[in-house]
Structures are given as C-alpha cells and as structure tokens.
Amino acid sequence: MVKVVAQVSHPDITGAPVDFKVIEVEERITIFSEPIANIHRYWVPASADVDDEEEYLEPVDDPDYNFRTDFAIYRRKYNFLQPDEICAARQRLGLSQAETAVVLGLDESLLADIEANMALQPYEQELKLRWLLSPMTLSRLVLNHQAIMQERCRQAEVDAEGLFEKLTHYGDVVR
C-alpha cells in the first residue's frame with residue numbers, strides 16, 4: 001500500500017522548482033539470496049499517480065536512502081557489523097583503510113564503500129571484518145604469514161614494517 005508522507009519542492013537542473021509527493025511503500029527484496037522487507041521511500045512528480053510504479057524516483061535529495069536502509073536491516077537481521085563498528089574497530093587498531101584491506105585480503109575501495117555504508121559485505125567478508133574485533137588473533141594471523149603480507153603490502157604500496165609494528169602491540173607473537 002502506498003502512503004504519501006510529504007510534499008516537497010526541489011529545483012530541476014535549471015533551478016526551476018518541481019513539486020513531488022514523497023511516498024512510502026512496503027517492499028520485499030532479496031539480498032545475497034535472503035529476503036528483506038523494508039519501507040522504501042520514493043519521490044513521485046506531484047501530477048503523477050502515486051500507484052504508478054513507473055513514476056517512482058529514488059529520493060532526489062538522497063538517492064541511496066533505500067539501499068542504506070536495506071543494508072541496515074540486513075545487517076541487524078543477520079548480526080553483521082555496522083559500518084561505524086567496522087571503522088571504529090579499524091581505527092582502534094591504528095590501521096588505515098589500505099593497511100586493513102591488505103591484512104583482510106579486501107579491495108581498499110570496497111572497504112571504503114562498506115565503511116561509508118555504500119556497499120554491503122557478503123558473509124565471507126563479514127568473517128574477515130570480524131577479525132578487527134580480535135586484535136590478538138589478527139596480529140597472530142598477520143605476523144605468522146609475514147612473507148605473504150610483505151608481498152601484499154608491496155603490491156598495495158603499504159609500509160609492511162609499519163603494519164607489523166602496529167600489530168605486535170596486540171600479542172606476544174614473535175616475529
């Protein structure tokens with residue numbers, strides 16, 4: 001069922017105001033083969049029929065709103081780390097996004113998008129991201145595999161020695 005929740009005016013590319021109805025619609029989607037129900041928000045031109053799905057526009061002031069709310073529901077439902085938790089855990093370790101990406105075997109731009117809530121981590125990446133919550137385990141993994149970490153750091157132009165130094169503080173693992 002469509003619910004009109006607001007009326008807004010937003011300038012078009014020429015600066016002329018355009019009137020819209022802001023609607024909410026309960027929708028079911030699938031993320032990573034899992035069903036999610038969410039109340040999506042759309043903008044519909046004021047002169048259009050709110051029941052005509054072809055008229056639905058992503059919120060003009062925030063085109064990623066529905067994706068971000070879908071991601072939040074998925075993360076809560078399946079107990080995934082939230083973007084702010086991932087960022088905070090990385091920062092507590094004193095790691096940059098580049099260093100974290102190297103350590104976890106992730107693409108740096110993907111990690112940046114996950115932290116910015118512009119991408120959702122699949123389960124396999126969620127498992128890796130959880131290592132950030134266990135500094136001793138992460139330290140052991142990295143320091144026990146220094147040769148491969150050094151090569152990954154070289155390829156990503158990350159200071160391997162600096163990375164190893166940061167992680168030695170979290171355990172009694174001998175380099």
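Just so it is clear, the model here is predicted, and its values are computed rather than measured.
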Anything under 30° is parallel, anything over 60° is perpendicular, the rest tilted; go ahead and classify [X] against [Y].
X     : Y     : value
Tyr42 : His40 : perpendicular
Phe67 : Phe71 : tilted
Trp43 : Phe20 : tilted

Give the minimum heavy-atom separation between [X] and [Y], together with the two atoms involved.
X      : Y      : value
Leu120 : Tyr74  : CD2-CD2, 3.6 Å
Ile114 : Pro83  : O-CB, 3.3 Å
Ala48  : Lys21  : O-NZ, 3.6 Å
Cys153 : Val102 : SG-CG1, 3.8 Å

Just checking, is any N or O donor in the side chain of Tyr123 or Glu34 under 3.5 Å from an acceptor N or O on the other one?
-> no

Are the side chains of [Y] and [X] in contact, using a 4.5 Å heavy-atom criterion?
X      : Y      : answer
Glu124 : Lys128 : no
Ile29  : Asn38  : no
Phe164 : Leu143 : yes
Leu104 : Leu132 : yes
Arg41  : Val22  : yes
Asp19  : Val8   : no
Gln97  : Glu115 : yes
Gln121 : Arg75  : yes

Nearest-0.5 Å distance, CG of residue Asp70 to CD1 of residue Ile31 |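 The CD1 atom of Ile31 is 5.0 Å from CG of Asp70, to the nearest 0.5 Å.
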
Drop me the distance from Met118's CE to Leu110's CG, to the nearest 0.5 angstrom.
->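 Between atom CE of Met118 and atom CG of Leu110 there are 12.5 Å.
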
Quick one: does [X]'s side chain have a donor or acceptor within less than 3.5 Å of a partner on [Y]'s backbone?
X      : Y      : answer
Glu58  : Tyr65  : no
Arg28  : Ile36  : no
Glu85  : Gln82  : yes
Ser96  : Glu99  : yes
Tyr56  : Val50  : yes
Ser139 : Pro135 : no
Lys166 : Gly94  : yes
Gln155 : Arg152 : no
Thr69  : Asn66  : yes

[atom1]/[X]: more than 12 non-hydrogen atoms of other groups inside 6.0 Å:
X      : atom1 : value
Lys77  : NZ    : yes
Glu53  : CD    : no
Ile148 : CD1   : no
His10  : NE2   : yes

Take Leu133 and Leu81 through the test side chain to side chain contact (heavy atoms under 4.5 Å, CB included) and record every step on the way to the result.
-> CA-CA 10 Å; Leu133 302 178; Leu81 292 171; 3.7 Å; yes

